[in-house]
Every structure is written in structure tokens, then in C-alpha cells.
Amino acid sequence: MKKESAIQIDKLTVAYEAQPVLLNISLAFKKGKMTAIVGPNGAGKSTMIKAMLGLVEPVTGEVVYQDVDQEAVSYKELKNRIAYVPQNTSVDWDFPTTVRDVVLMGRYGHLGWFKRPKNKDREIARQMLLKVGLPSFASRQISQLSGGQRQRVFLARALAQEADVYIMDEPLAGVDMKTEHIIMKLLKQLVAEGKTVLVVHHDLQTVEEYFDDIVFINQEVIAAGPVDETFDKQTVKKTYHRDRNLGEGE
Amino acid sequence: MSMITEITLIAVVVAVACALPGVFLVLRGVTMVSDAITHTVLLGIVLAFFITQDLNSPLLMIGATLVGVATVWLIETIQRSALVSTDAAIGIVFPLFFSIAIILITLYAGDVHLDEDAVLMGDLAFAPFRRVDVFGLDMGPQSLWVMSVILVMNALFIFFFYKELKITTFDPAFAAALGFTPMIIHYALMTLVSLTAVGAYDSVGSILIVGFMVGPALSGYLLTHSLKKMISITVLIAVVNSVSGVQLAFFFDTTIAGMIAVVTGFTTLLVLVFSPRKGLYKQQLNQKRARKLLDKRIKTLT
Amino acid sequence: MLIELFTILSDYTFQLVALGTGIIGLLSGVIGTYATLRKESLLGDALSHAALPGIGLAFVMIQRKELLFLMIGAIVSGLIATALIQLITRKTLVKLDSALSLVLSSFFGLGLVVLTAIQNNPNAQQAGLQSFIFGQASAMLQRDVQLIAGVGVILLTLVVLFWKEFKCYTFDPMFSRTLGFSSKVIEFILSMMIVLTIIIGLESVGVILISALLIGPSIAARQWSHRLSRVVILAGLTGFFSGVIGTLVSSMGDNIPTGPVIVVVVSLFVFASLLFAPKQGLIARRIRKREKQKHFLTRLNDLKEGQS
């Protein structure tokens with residue numbers, strides 16, 4: 001099992017101010033698969049992603065990635081191979097920057113400190129913008145875009161990272177049909193190329209259509225596995241109607 | 001009355017008069033607007049002085065207060081244009097007004113008995129020398145009278161419009177739906193803040209007034225959940241700060257207003273650390289306890 | 001008039017002071033852009049006030065008005081204030097604006113306490129310490145300008161070196177972290193740069209008005225461009241010319257304070273930009289709105305005619 005999984009989460013517990021958000025989670029995400037992460041609000045989905053990206057420090061447990069030679073490495077050693085699309089709320093939309101520039105930021109990780117983007121990086125950014133169908137928007141200021149277009153720009157930024165693992169936090173929330181279509185098409189392409197894609201997803205209607213695997217989370221792992229085996233009414237009910245006060249303890 | 005008693009009395013009155021509107025400034029998150037006001041009323045004082053030629057004229061107070069309100073209006077207009085964020089709007093408006101005031105003062109320094117140091121730093125030590133006398137009878141220091149009137153006005157405003165202040169602060173949209181125009185309450189509060197700043201500038205100085213307004217109210221905010229209790233605690237802390245500040249200033253032979261500002265910062269910091277409601281120390285304790293529980297649970301799970 | 005202007009322009013003292021204030025304007029324009037973009041414009045105001053006790057205590061320690069030592073004192077108290085503000089806003093219920101007001105007034109109060117104590121304790125060297133409150137550009141010496149220029153070169157080099165990192169961090173701090181750029185390092189360098197800019201400006205512009213120089217130029221520049229690189233350059237130029245023009249105007253009269261005049265010039269740039277900027281300027285917006293209304297009315301008329 002270890003051989004084919006790209007990411008291994010081992011007994012992970014994360015707490016904010018000692019209040020547990022995730023409790024003893026163990027999971028494996030498979031290479032070349034698209035996995036949906038599903039659970040109610042406050043279930044710890046975003047926290048799990050942040051822990052995987054090293055953005056929050058876990059209380060116990062670890063996240064292990066597998067590099068090209070199938071050696072187990074930690075997130076730090078693999079940074080440039082992982083692309084992350086955050087929930088699109090944290091950004092200042094009036095920031096003086098163009099669409100082209102935002103996509104180019106995806107190359108920054110490969111450059112490291114001090115170094116400037118080269119022509120090659122600009123070319124990659126241009127291609128990615130073409131892929132998400134926004135080449136004519138390159139010189140626009142980002143506030144002049146619709147919600148769906150913004151989401152596509154951030155996907156282009158992640159694509160420009162040319163990573164092996166793509167982690168997306170609700171990329172389809174509140175976007176138009178066209179954007180949803182484009183995003184899913186691109187993600188499927190990535191999977192076909194053998195990349196690993198994890199998506200926090202909220203729309204249970206589309207799970208069967210879009211994903212290979214699914215993980216149900218509500219503070220703990222409720223169920224995980226291939227969609228056609230794991231995705232059923234009972235598991236959904238169990239995940240969404242779980243007692244939320246688990247974390248309080250006695 | 002001895003001089004130190006008089007100074008203490010003035011300090012207490014100024015501190016409480018400032019702290020009362022401060023409660024709502026803190027709750028509304030507009031304390032930096034009040035900082036802007038305390039700077040810009042200087043322009044009002046200078047302009048009104050050119051007209052009245054009398055630093056004690058009531059017209060001067062009215063003029064300066066109006067400039068304070070105009071400041072609020074200008075900040076809000078700039079911010080509403082959506083070209084500039086609120087904090088930047090504040091940072092654009094008050095230095096401009098203040099600069100014009102300083103330029104005017106230095107240009108006409110010969111004719112004006114206003115000096116910029118006095119306006120900025122203020123000096124409580126000199127407050128007892130400016131006295132009110134009626135028919136040759138000494139009625140006490142002038143600033144005591146002025147600030148007492150302002151204190152009473154602030155207290156009455158909060159007393160009569162308590163409900164309106166509370167609802168427009170907590171939920172402006174809801175208040176508007178109920179028919180309380182939040183705009184009117186907002187501008188009434190800002191007018192009082194301006195008036196308080198004008199009244200207090202010669203004893204406290206424009207820069208420290210904001211500390212008098214914010215410090216005690218912050219302590220009150222951190223110590224209780226009830227608005228009424230918050231007001232009482234705020235007043236109490238304002239009194240403690242000013243009395244001990246005066247004592248310390250005399251002991252160290254230094255500026256009184258400055259010392260009160262230092263004491264205010266210090267007491268607020270103490271409350272920040274030791275408040276039973278989310279103080280830093282309490283947070284630390286809670287976290288430690290929760291962490292122990294968590295460790296125990298992880299152990300039972302694995 | 002022209003001859004008078006020429007005499008001023010060729011005067012060595014004027015050239016020196018104008019160069020000094022110009023560089024200060026340039027730096028605050030460039031560095032201030034990052035502060036306003038992070039919605040932390042007023043942080044500069046609090047930090048400049050917070051520098052005062054550091055200056056006073058540094059003087060108490062060495063008993064001389066040595067600019068470099070006073071600056072170190074100012075840096076230390078500025079950084080303590082930054083740390084305090086961050087601690088208060090991150091760990092307690094208190095919001096940024098209250099934390100700023102509190103730190104600003106208590107540090108300034110402490111500064112006054114120290115300065116008064118120094119005054120009550122006569123020492124020939126103390127003269128001019130008060131000038132930090134309002135600033136005294138005309139007192140600028142050649143070595144002051146050299147120091148300012150030196151700090152300026154360092155700061156601008158840092159902006160160029162860390163261009164990509166600062167940009168990414170100000171725009172999207174979380175993303176910048178996932179790329180492996182330590183947010184703590186970037187944040188510290190940025191805060192340090194803001195504090196340094198404030199401090200080299202204190203002597204000439206003063207505690208109270210230096211924040212206007214940090215905010216104004218970047219706000220003016222932001223109205224003219226959507227690109228960070230252009231905004232930074234424009235802000236630098238605006239700051240530079242405000243410094244030079246302000247110094248010029250104040251040297252034309254006998255008793256016109258330089259700092260406040262510079263602030264008025266900056267403000268003129270800001271208000272002109274808000275009004276006249278193409279596309280998003282208030283006047284351009286008004287014209288567009290009117291055209292839209294006209295268009296709407298003619299369409300409405302067409303519809304009515306079509307109906308009847």
C-alpha cells in the first residue's frame with residue numbers, strides 16, 4: 001500500500017489553542033487519482049490541508065510525501081512539487097497587480113529567494129493562462145474579474161507551479177458553470193498525467209461524476225476509499241449528523 | 001484648595017470626561033478617528049482665534065468643534081469614494097489639517113499667544129493659574145469649570161441616548177431598520193469627542209487625549225461583558241490613572257499629562273495580561289489545561 | 001522673483017536640505033506603499049510616536065546629541081512598539097485601531113516624561129531635542145544627509161532584492177508561505193524597513209507628520225496605475241518632489257516650517273490624483289456616470305416612441 005500512495009497522513013492531531021480540530025487522523029492519498037475531501041463546515045477539512053502544507057503545526061502525527069524515487073520525505077523537502085489553491089477569500093482584490101503577474105507568482109517557489117523570473121517562467125505563465133481560457137485578460141487588474149474568472153486565475157497560478165500534487169480548497173464554490181467545466185477538465189488532465197489531486201468539495205451531487213476516491217471527515221476519518229465503494233447515503237448521514245461536541249472532552 | 005489638590009481634581013475631571021465617549025469609540029473601532037480629531041481641532045482653534053482674538057471665547061470652542069466634525073465628514077467622504085481604505089483616509093486628512101495649523105501658527109507667531117508646544121503637550125501644571133473670577137471673587141481654575149461642563153454633557157448624552165448608542169454600535173443595520181438613524185448618533189458622538197478634545201487640549205495636549213479616551217475604555221472592555229459595568233469600570237480606572245499619574249509626576253518632577261498617559265498604558269497592559277476574561281495569562285492557563293486533556297485523549301486513542 | 005528663486009536654488013544649504021528631504025520623501029513613498037497595501041497605514045503613525053522615548057533615553061545614556069545613537073534608541077523603542085501591537089492584536093480581543101491608539105499615546109507620553117526630565121536637568125547639549133516632535137529640516141547637516149542617503153541605498157537595495165518576495169507576501173501571505181518563503185523573515189524585514197524610514201525622517205519632518213509621508217505618496221500613485229512596480233516608482237517620485245518642493249516653498253519665507261509644508265504638498269498630490277486620475281478618478285467617474293445616464297435616457301425615449 002505504501003508504494004502506490006503519494007501522500008501518507010499518520011496519526012495526525014491538530015489543535016487550535018489546544019482545542020482539537022482533527023483527532024488522530026490516518027489517511028493515504030493515491031498517486032494519479034482525484035480524491036474528494038468531504039465533511040460539514042468546521043469538520044477540519046481546511047485544517048487538514050493546512051497541516052499537509054506545513055501551515056499549521058500538528059500536535060502529534062506527521063504527513064509523509066513520496067518523492068520521485070519513492071523515498072518518503074517531509075513537506076519541507078518537497079515544497080515546489082506541491083501546488084495549493086486556497087479558498088479565495090484571503091486576498092486583497094484591489095492590490096495593484098495584473099492577472100499575468102498573479103499567474104507568474106506560481107513560478108516564485110521554483111526561483112527561491114532573490115532570483116528573478118526568466119523568459120521561460122513568463123512563457124509557462126502565458127500557457128497556463130491560455131489553458132484556463134483567459135489569455136485576453138492578461139493585462140487586467142484582478143479586481144476587474146468575475147468570481148469564476150478569479151478562481152481560474154488561481155488555478156492557472158497553481159498549474160504554473162508544475163507540481164506533482166495539487167491541493168485545492170473548495171475550488172468550485174460559487175463559480176459559474178463554464179468555470180466549473182474548465183476547472184474539472186484541467187484537473188482530469190492532471191490526473192491523466194499521473195499527478196495527485198485533492199479537492200475539498202461541498203457539492204455531494206457531483207461527487208460520483210467527478211472523483212475517483214473520497215474521504216469523509218468530521219474531526220476524525222469517518223470513511224475513505226474509492227467513490228463507488230464508499231459513497232453511500234449512510235456514510236453521508238454519519239458524517240454530517242455527527243455530534244459536533246466530540247472535541248470538548250469531559 | 002492647595003495646588004496639587006486642584007491639579008488632581010482637574011486631571012480627574014479631564015480623564016473621566018475623555019473616558020466616557022471613549023467607551024463607544026473602542027466598541028465602534030474608531031479610536032484612530034478620534035486621534036485625527038484631536039489633531040485637527042488645532043486648526044479650528046487657530047482659525048477661530050484669528051477671528052475672535054480671544055483664547056477663552058466660547059466661539060473658539062464652537063469653531064474648533066466644527067472643524068473636528070468636518071474632519072470626520074471628510075474622512076468618511078474620501079473613504080466612501082472606495083479609492084482609499086479607512087485607515088489611509090485618516091492618515092491623509094489629519095496631517096494636512098494639522099500642518100496648515102502649524103504653518104499658520106509659525107507664520108503669525110508674533111501676534112498669536114498660541115504656541116505649538118503648549119497645544120501638543122499641554123500642561124496641567126499651569127492649569128490652576130488660569131482662574132475664573134466673578135466680581136473679584138475667585139471661583140477656581142477655569143479648566144476645571146470648562147471640563148466639568150463637558151463631563152456633564154458627555155454623561156447626560158450617554159444617559160439619555162444609552163439605548164440608541166448601544167443599538168447603533170452593536171448592529172447599525174438593525175438600528176437603521178428600527179428607525180434609529182445611526183448617522184445622527186454617530187455625528188452626535190463625534191461632536192462630543194471634538195468638544196472634549198477642544199476643552200482638554202490646553203491641559204492634556206492633543207496627542208495624549210486619545211490615550212485618555214482609549215486606555216480606560218479598553219480595560220473596561222476586557223474586564224466585563226456588560227455595557228453598563230464597562231462604563232463604570234472605565235470611569236473608575238480613569239480616576240485611578242489620573243490620581244496616581246499626578247502623584248508620580250510630582251514625585252519625578254515631570255509632565256503630568258505625559259505621566260498619566262504612561263500610567264494609562266501601564267494599567268491597560270496589566271489588564272491585558274491578567275484579565276479573567278481572555279487575558280494573556282488566563283489564555284496560557286486554559287491552553288495548558290486543554291493540552292493536558294488532549295494528550296490524555298490521544299493516549300487513549302493510540 | 002525669478003532672481004530670488006535662482007538665489008535660493010543655488011544656495012548650498014537649500015540644496016543640502018532639499019536633497020535630504022527629497023530622499024526621505026522618496027524612501028517613505030517606496031516603503032509606505034507596502035504599508036498602505038497591507039492596510040497598515042496608521043502603523044507608521046504609531047511607530048513614529050513610539051520612537052520618541054527611545055530618542056530621549058538614548059540621549060540620557062550618552063548625554064550627547066549624536067544622531068546615530070539617537071536613531072538606535074528610536075529603532076529599539078519602535079521595534080518594541082511593533083512587537084507590542086502585534087502581541088495585543090493577535091493574542092487578545094483588542095482590535096488593531098485601539099492597540100495603535102494605546103501604544104501611540106502611552107509611548108509618546110513616556111517620551112514627554114523623559115524629555116521633560118532632561119530639560120529639568122540642564123545640560124548644554126540638550127538643545128534641539130524637542131525638534132524631533134515637529135522636525136527641523138533647516139538644521140540638517142551634511143553628515144545627516146550622508147546618513148540618510150546611506151540608509152536610503154540600503155533600503156532601496158533590499159526592495160530590489162526582495163521585490164518578488166515582498167510582492168507575493170503583501171498580496172497573498174498564505175500562498176507565499178506555501179512557496180517556502182518564511183513569513184516571519186519577510187515580515188521582520190518589512191517592519192524593520194518601515195521603522196528605519198520613519199526614523200531617518202524624524203529629525204526633519206518630525207514625529208507627528210512623518211506618517212503622512214508614508215501614506216500620501218502611495219495613495220496618490222495607486223490612483224494612476226494597476227501595477228505594483230509603477231505604483232512604487234510613482235510613489236517614490238511623488239515623495240521626492242514633495243520633499244524638494246516643500247523645502248523650496250519654506251525657504252522662500254522667513255519663518256515657514258518645512259515639515260508641515262511638505263505634508264501640504266503631498267496632500268495636494270493626493271487630492272489631485274483622487275480627482276483627476278483617468279478611469280477611476282472622481283471626475284472621470286462623474287463624466288462616465290453622466291454619459292451612462294444620457295445613454296439610458298435616450299434608450300428610454302426610444303422605447304417610449306416605439307410603444308406609441
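Below, chains carry the letters A, B, ... as their sequence lines are ordered, and counting in each starts from 1.
- Distance check, rounded to the nearest 0.5 Å: CG of Leu96(B) to CG of Leu209(C) gives 10.0 Å.
- A donor atom on one side chain and an acceptor atom on the other are found under 3.5 Å apart for Ser101(C) and Thr31(B).
- Residue with the most contacts toward chain B among Leu93(C), Ile262(C), Val264(C): Leu93(C) (heavy-atom pairs, distance under 4.5 Å).
- With a 4.5 Å cut-off on non-hydrogen atoms, Ser85(B) touches chain C through its side chain but not through its backbone.
- Note on Val93(B), Val214(B), Leu25(B), Ile209(B): by heavy-atom pairs under 4.5 Å with chain C, the leading option is Val214(B).
- Taking all atoms of both residues into account, the shortest heavy-atom contact from Pro95(B) to Ala212(C) is CB-CB, 3.3 Å.
- Residue contact with chain C, scored on non-hydrogen atoms closer than 4.5 Å, is absent for Ile260(B).
- For residues 214-224 of chain C, the interface with chain B (any heavy-atom pair closer than 4.5 Å) comprises Ile215(C), Ile219(C), Gln223(C), sorted by residue number.
- Considering only heavy-atom pairs separated by less than 4.5 Å from chain B, the leading option among Ser41(C), Ala35(C), Gly111(C) is Ser41(C).
- For the pair Val263(C)/Phe98(B), no side-chain contact is recorded, criterion being any heavy-atom separation below 4.5 Å from C-beta on.
- For the pair Leu87(C) and Leu280(B), the minimum side-chain heavy-atom distance is below 4.5 Å.
- You'll find the side chain of Ile256(C) stays beyond 4.5 Å of the side chain of Thr106(B), heavy atoms only.
- For Leu222(B), the part sitting under 4.5 Å from any heavy atom of chain C is the side chain, from C-beta outward, and nothing else.
- Using a 4.5 Å cut-off between heavy atoms, Val30(B) touches chain C through its backbone atoms (N, CA, C, O) alone.
- Between Ile103(B) and Pro257(C), the closest side-chain pair of non-hydrogen atoms falls below 4.5 Å.
- Here the closest heavy-atom approach between residue Gln283(B) and residue Lys91(C) is recorded as NE2-O, 2.5 Å.
- Listed options Asp35(B), Leu218(B), Ile100(B) were ranked by heavy-atom pairs under 4.5 angstrom with chain C; first place goes to Leu218(B).
- Here Thr169(B) pairs with Arg28(B) under the side-chain hydrogen bond (donor to acceptor under 3.5 Å, both in side chains) rule; sequence neighbours left out.
- The ring-ring contact (aromatic ring centres under 6.0 Å, His included) test applied to Phe107(C) returns no partner, not counting sequence neighbours.
- Considering only residues two or more places apart in sequence or on other chains, Lys282(B) meets the side-chain contact (heavy atoms from CB on, under 4.5 Å) condition with Asn286(B).
- Considering every non-hydrogen atom in both Ala261(B) and Ser106(C), the closest pair reads O-CB, 3.6 Å.
- Using a 4.5 Å cut-off between heavy atoms, Phe212(B) does not touch chain C at all.
- With Val113(C) as the partner, the side-chain contact (heavy atoms from CB on, under 4.5 Å) test is satisfied by one option alone out of Val262(B), Ile256(B), Leu248(B): Val262(B).
- The two atoms that bring Ser98(C) and Val26(B) nearest to each other are OG-CG1, 4.1 Å, heavy atoms only.
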